[in-house]
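Because the structure is a prediction, the values reported are computed rather than measured.
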Amino acid sequence: MKFIKTLLIITALIFANTANTNAQELLIGLQENAAVKKNAQKRSNLMQIQSSIILRELPFIDDFSKNTGFIPDQKKWQDASVYINNSYGIKPPSIGVATFDAIDSRGELYDVGYSYSFPADTLLSQPINLAYPNDSIYLTFYFQAGGYGDLPENRDSLILQFSPNGNEWTTVWKAFPDITDSAMTEIYYRKEETATYLRRVDSLSEYFFKAHVKVDKPEYLTGGFQFRFINHASISINSFTPGRASNADHWNIDFVYLDKGRTALDTLIKDVAITVPQQPFTNVYEEIPWRHYNSDARAKMFGTELSISLTYHNLGWGTRQVTRHFAITPLFGNGEYLEFTQGVENIHDFETFSNTYIIPDYDFYSDTDSAKFEVKSYLTTDSELARADYRYNDTTVYYHKFYDSYAYDDGTAENGYGLFGVGASAGKVAVQFYCFENDSLRGIYMYFNHTINNVNENNRFRLTVWSDDNGIPGEILYTQNATKPTYSDSLNRFVAYKFTKPVFIGRKTTFYVGWLQTNDDFINIGFDRNRNHQDKVFYNLNNLWESSIYAGSPMIRPLFSPSERFPVNPVLPPEESGSEISGVVLAPNPSANYIRMAWADEAENITAKRIEIYNMSGRLMKTENCNNNIINVSDLQAGIYIVRIYSGNKIKETKKIVVSK
C-alpha cells in the first residue's frame, strides 16, 4: 500500500502541474461522493427532526459500525458532513469509520478555495453531561491518515476542540503527517503544558494511531460540554485541464470513547470487534450470471468446499471467550436457509483471529433467473453486558449476488481511473474475464464518476471486446461507434451500454472488455480499491499491452442479460451515419448475390483484406478475403446479417446487410 500511495502522490503532481504530459495510466480522487449526495436530503431532514438538544450521559461511545445510512448517528452527533463507511479505512480497530475529506455535506467538493489549506469536514458531538467535578475524564479515539483515500499533505491537519457550551471553542489536540518521513506528529495542548510527539511507522496510510486526551479544565465539567473534530484540507487544481480538481486529504476516525473514572494509562477499550467487513466467498468474482453457475464455476470459485472468512480482534487486556456464528439467507429464488456455528475459542490480549471456516454441505440454488443471498457473520462473547455499547461491531453482512454480469468490483468507487496525456487518443484499456457458460455478450455495465461542470461528458470512447492471446488481449471481436460517459442518478448504479449485436462467448473462454479512446482526455471510470484484481487489468499506449500499475478493479462488467430482460433505459449505440468511424457504403442492399463496398471518403478508399458475416444471433456464418471490395452473399439464406470489415488486423467498419432470395 505504501507503493500505491507513492504512485498516487506522483500521479497527482504530474496531473496538476503538467499540461503536455505523455500518455499514461492514472488514478485520481473522486470529485463528488455519490453516497453523501444521495443522502443530503435525508441528513437535512434528520437534523431538522432532531434540532432540539439531546443531552448525552457518559459513557459516550461510537465506533461507527452501526448502519446509519452513511451519516453519523444523530443521537450522538449534531452535524452530518463526514462520511460513515466501510470502504476507506485500512485495518481499522472495528468495522466502520468516519471519513473526513474535501467533500461537503452535499457530496460535492468544497468551493471555498483550492490552493490553500481550509477547514473542511466537522464532526460535532451532542451536548454531554460532564458535571463530575471530582472525576478524571478522558477522551480516546483512533485515527488514520489516508487509508484507501488520499494521504494528507504536511500542511493538512486533523484537530480536536472542546467547548463548555457549544459557543467557545479551544483546540486541545492536533495531528499532521510527514509524508517523506512516514511519520505522524501529535500536539497535545494541555492545561499545564504543550506536548509534542513524533511517531514513525512503516506505512503511514495503513496505520491507525491512538490519541488519549484529558478533559482537564474545570470549565468543561458542565452539563453542556461538547467536542468536535475538524480536518484541514487543500485541493490542487490544474488550469490547463478544467474540472480535474478531486477529493483529497482523507482522515479516518474510529472508536471514539469518552468516560469518567479513567487515568492517563487507561487507554484501552475492553472489546472484541470484527475488523474486516464480510468478504465474498471467493476472490474470483464478486458476481456472475446465475445461468453461468455450473460445476465449472463452482470449482473455480469455491474449490471443493464452500468457505467463509472472518477477522476479529481483542482491543484490550484479558482473555475473552468467543463463539462464531454464521447464517446464509436466500432473499429470493427459494434457496436453502442455513445457520451454523464454528466453535468456541479464547482470544487473548490484543490478539487478532483471521480464519476461513468451512460451510457444511451447502450449495446455492434458485428457481428463477437470478439469486441473492445474505451472508451474516456474528460473534457472541462471555461479556455481553460489558460490551453492550459496542454491540454493532460484532456483526457483519455481505450480499452474494447472481444477476446478469461478471463483476470484480464491490460496487463502490474510491477513485477514478483512466488514461490521460498526449497520445492517450491511441490508448486502450482491457479487463480480462473467464466465461463459465456458452452465452451471448449483449453489452457492458460501466460506472463513471461525476466530474466538475460535467467536463467528462464531452469525451468519447469505443466499447470493445477482445479475444485472448496467451494472457493478454488479442484479436478484436467487437467494437462500436464512439460513445460518451453516461451517469446514473442512483447511488453506485452502473449504466448498461447495449451492443448493436450480441457477441458469442464460448464456455471456458477467456475474453476481455474495455474501451478504445478517441482523444487524450481522462474518462474517469470508477475504481474500487477494496477488491484487487490488478492482474486482470491491461492498458496499451504504444501498441504494447502492459499490466496495470494500480491495485484494485475498474468498475466495468460484461453483461449477459437475455435481450427480453435487458436493463431498463440502456445507453444505445450511436447511429452509424455521421459516426467518427470512416463510412463505407454497401450497395445494393438488399441483395441476393453480391454487394459492393465503396468508401464514402475517397481518401479512405482502400481494399478490405477480410470480412466476417454474422447472423443476428451472433453466430459467425462466413469469413472471406475480398477481391475488389465485393462481398459474395449468394450462399446465405434470406435474412439480416452483420458484416465486419477489416483493414489489416483492425476493424474498419461494422455494417448491417439484408440478403433477399
Side-chain angles (χ1 to χ4, degrees), residues 1 3-12 14-16 21 23-34 87-88 148-150 238 241 243-248 250 286 407-421 423-425 427-433 444-452 455-457 459-464 473 483-488 492 494-495 497 512-541 545-558:
M1 186 55 62
F3 172 66
I4 290 296
K5 284 298 171 185
T6 303
L7 285 172
L8 283 172
I9 293 165
I10 294 172
T11 293
I14 295 172
F15 210 28
T21 302
Q24 58 191 287
E25 189 186 31
L26 289 181
L27 204 62
I28 68 169
L30 303 180
Q31 297 185 356
E32 69 171 34
N33 186 317
S87 300
Y88 279 101
Y148 280 120
D150 176 67
N238 184 354
T241 53
R244 290 262 159 67
S246 60
N247 194 16
H250 290 75
E286 191 85 3
Y408 291 129
D409 64 90
D410 66 4
T412 302
E414 285 77 45
N415 288 101
Y417 174 83
L419 306 177
F420 173 76
S425 59
K428 311 174 185 71
V429 173
V431 181
Q432 182 189 93
F433 292 88
I444 297 176
Y445 279 126
M446 301 183 82
Y447 179 91
F448 287 101
N449 297 313
H450 284 269
T451 55
I452 297 174
V455 296
N456 203 26
E457 291 185 357
N459 295 335
R460 293 292 186 272
F461 61 92
R462 295 186 179 118
L463 298 173
T464 307
T483 188
K484 64 180 182 179
T486 304
Y487 310 97
S488 171
N492 293 328
F494 286 73
V495 171
Y497 288 82
Y512 301 76
V513 299
W515 68 88
L516 309 179
Q517 298 212 177
T518 64
N519 55 41
D520 293 340
D521 288 335
F522 188 73
I523 69 169
N524 204 342
I525 194 170
F527 192 82
D528 175 19
R529 296 287 300 279
N530 286 279
R531 301 288 188 264
N532 183 13
H533 294 276
Q534 181 179 5
D535 61 324
K536 302 294 191 297
V537 184
F538 300 86
Y539 71 101
N540 187 324
L541 290 170
W545 287 105
E546 299 183 66
S547 296
S548 174
I549 63 174
Y550 295 114
S553 300
M555 297 174 71
I556 180 170
R557 302 175 174 184

Spacing of Thr518 atom OG1 and Phe461 atom CZ [to the nearest 0.5 Å]: 9.5 Å
For Tyr408 and Val537, run side chain to side chain contact (heavy atoms under 4.5 Å, CB included): C-alpha distance rounded to whole Å, both residues' side-chain angles, the deciding distance at 0.1 Å, then the answer. CA-CA 11 Å; Tyr408 291 129; Val537 184; over 6 Å; no
Test of ring centre spacing under 6.0 Å for Tyr148 and Tyr88: no
Is any side-chain heavy atom of Met446 less than 4.5 Å from a side-chain heavy atom of Val495? no
Nearest heavy-atom pair of Ala413 and Gly526: which atoms, and what distance? CB-CA, 3.9 Å
How far apart are the closest heavy atoms of Pro558 and Phe433, and which atoms are they? CD-CZ, 3.3 Å
Looking at every heavy atom in both Phe527 and Met555, which two are closest together, and how far apart are they? N-SD, 3.9 Å
Minimum heavy-atom separation for Ala23 and Ala424, please, with both atom names. CB-N, 3.4 Å
How long is the span from the CZ atom in Arg460 to the CG atom in Asn519, to the nearest 0.5 Å? 9.0 Å
When every non-hydrogen atom of Ile556 is compared with those of Ile444, the smallest separation belongs to CG1-CG2, 3.4 Å
Would you confirm whether Asn415, through its side chain, and Ile28, through its main-chain N or O, come within 3.5 Å as a donor-acceptor pair? yes
Give the intermediate values and the outcome of side chain to side chain contact (heavy atoms under 4.5 Å, CB included) for residues Glu25 and Leu419. CA-CA 5 Å; Glu25 189 186 31; Leu419 306 177; 4.2 Å; yes
List the steps and the verdict of side chain to side chain contact (heavy atoms under 4.5 Å, CB included) for Arg529 and Leu27. CA-CA 11 Å; Arg529 296 287 300 279; Leu27 204 62; 4.2 Å; yes
Min side-chain heavy-atom separation Thr464-Lys428 under 4.5 Å: no
Residues passing the side chain to side chain donor-acceptor pair (under 3.5 Å) test with Gln432, sequence neighbours excluded, are Tyr512
For Ser547, side chain to side chain donor-acceptor pair (under 3.5 Å) partners two or more places apart: none
Return yes if some donor-acceptor pair links the side-chain N/O of Asp520 with the main-chain N/O of Ser425 below 3.5 Å, else return no. yes
Look up atom CG in Asp410 and atom CG in Asp528, then write down how far apart they are to the nearest 0.5 Å. 3.5 Å
Let me confirm one number: the CG-CZ distance from Asn524 to Phe448, rounded to the nearest 0.5 Å. 9.0 Å
Test of understanding: with ring-ring contact (aromatic ring centres under 6.0 Å, His included), list the residues that count as partners of Tyr539, not counting sequence neighbours. none
How many angstroms lie between atom CG of Asn540 and atom CD of Gln517, to the nearest 0.5 angstrom? 11.5 Å
Asp409 meets the side chain to side chain donor-acceptor pair (under 3.5 Å) criterion, sequence neighbours left out, with Arg557
With sequence neighbours left out, the residues meeting side chain to side chain donor-acceptor pair (under 3.5 Å) with Asn530 are Glu414
Ignoring hydrogens, what is the shortest heavy-atom contact between Ile523 and Pro485? Give both atom names and the distance. O-CG, 4.4 Å
Do the side chain of Asn532 and the main chain of Ala551 share a donor and acceptor less than 3.5 angstrom apart? no
Rounded to the nearest 0.5 Å, the OH atom of Tyr417 sits from the CZ atom of Phe522 at a distance of 9.0 Å
